[in-house]
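Here's the structure, in structure tokens; my notes come after.
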Amino acid sequence: MKLSSSYISVNRIHFRAYHGVDRQERITGSDFIVSVRAKYDVSKAIESDDVADTINYARIYEIIDKKMQESSCLLENLAGKIGKGILAEFSEIEELYITVEKKNPPMGGEVDCATVELHLINDKTF
């Protein structure tokens, strides 16, 4: 068997957090949903069945949770902080996809969510 590519994902993590351009948003808070998808080689974990040989989902969650507690005005800034935090800890990640959704953003109309998506390339892996 030859592994072509591999990913680990943590999807649709729900948070109540305090991000937004308007001061009131940073006081009252909003609902957010964060998903990440990391490309890296899982070959060792396939063989070993040992969590030490992979990227631990729980640790990814902890990094995201910490960054969600740091107030940002922009979703772009928030997603960037999440990406930097994950890549700083897991240098073996080749690419990282991050989606941050803000539920019911204050836009004057009925909007399900506003979303920012980042695709980051870890230049330390090449």
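The shown structure was predicted, so the numbers you read here are calculated from the model rather than taken from an experiment.
Taking 4.5 Å as the limit, some side-chain heavy atom of F32 sits within range of a side-chain heavy atom of M68. Considering only heavy atoms from C-beta on, V36 comes within 4.5 Å of I64 through its side chain.
Partners of E62 by side chain to side chain contact (heavy atoms under 4.5 Å, CB included), not counting sequence neighbours, listed by chain and number: R59. The salt bridge (Lys or Arg N to Asp or Glu O under 4.0 Å) search around K103 returns D112, not counting sequence neighbours. For D53, the side chain to side chain contact (heavy atoms under 4.5 Å, CB included) test picks out K44, A45, S48, D50, with sequence neighbours left out.
For the pair R26 and Y18, the cation-pi test (distance below 6.0 Å, angle within 45°) is failed.
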Item to check | Evaluation steps, side chain to side chain donor-acceptor pair (under 3.5 Å), between S72 and K81 | outcome: CA-CA 9 Å; S72 292; K81 285 188 215 179; 2.9 Å; yes
Checklist entry - So D31 and F15, side chain to side chain contact (heavy atoms under 4.5 Å, CB included) or not? Walk me through it. => result CA-CA 6 Å; D31 294 319; F15 293 96; over 6 Å; no
Item to check | CA sep, side-chain torsions, deciding dist, call: N56, T54, side chain to side chain contact (heavy atoms under 4.5 Å, CB included) | outcome: CA-CA 6 Å; N56 188 315; T54 191; 5.8 Å; no
Checklist entry - Can you check side chain to side chain contact (heavy atoms under 4.5 Å, CB included) on E101 and T99, steps first, answer last? => result CA-CA 7 Å; E101 300 177 32; T99 303; 4.3 Å; yes
Item to check | CA sep, side-chain torsions, deciding dist, call: F90, L96, side chain to side chain contact (heavy atoms under 4.5 Å, CB included) | outcome: CA-CA 11 Å; F90 298 107; L96 186 63; over 6 Å; no
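Atom OH of Y7 has more than 12 heavy atoms from other residues, nucleotides or ligands within 6.0 Å. Atom CZ of R23 sits in a sparse spot, with 12 or fewer heavy atoms from other residues, nucleotides or ligands closer than 6.0 Å.
The cluster map of Ile, Leu, Val, Met, Phe, Trp and Tyr, joined by side-chain heavy atoms under 4.5 Å apart, puts I55 and I46 in the same cluster. Note: the hydrophobic cluster containing M107 does not contain V21 (ILVMFWY, side chain heavy atoms under 4.5 Å, direct or indirect links).
Side chains of S9 and Y97: no donor on one and acceptor on the other come within 3.5 Å. E25 and H19 form no side-chain donor-acceptor contact under 3.5 Å, judged by distance and modelled atom types alone.
Interatomic distance, CD1 of I121 versus NE2 of H119, reported as 3.5 Å (0.5 Å rounding). Rounding to the nearest 0.5 Å places CG of L75 at 10.0 Å from SG of C113. Atom OH in Y57 sits 12.5 Å away from atom CD1 in I13 (nearest 0.5 Å). Between E76 atom CD and E117 atom CD the span is 11.5 Å, to the nearest 0.5 Å. Rounding to the nearest 0.5 angstrom, the gap separating the NZ atom in K39 from the CG atom in N122 is 12.5 Å. Once rounded to the nearest 0.5 Å, the distance linking CZ of R37 with CD1 of I98 reads 13.0 Å.
N104 places no side-chain N or O within donor-acceptor distance of the main-chain N or O of E110, the cut-off being under 3.5 Å. A donor-acceptor pair under 3.5 Å is formed between the side chain of S35 and the backbone N or O of R12. The backbone N or O of G29 lies less than 3.5 Å from a partner atom in the side chain of R16, making a donor-acceptor pair.
For the side chain to side chain contact (heavy atoms under 4.5 Å, CB included) with I93, the lone residue among I8, D41, L87, L120 that qualifies is L87. Partner of V100 under the side chain to side chain contact (heavy atoms under 4.5 Å, CB included) criterion, chosen from I82, I33, T115: I82.
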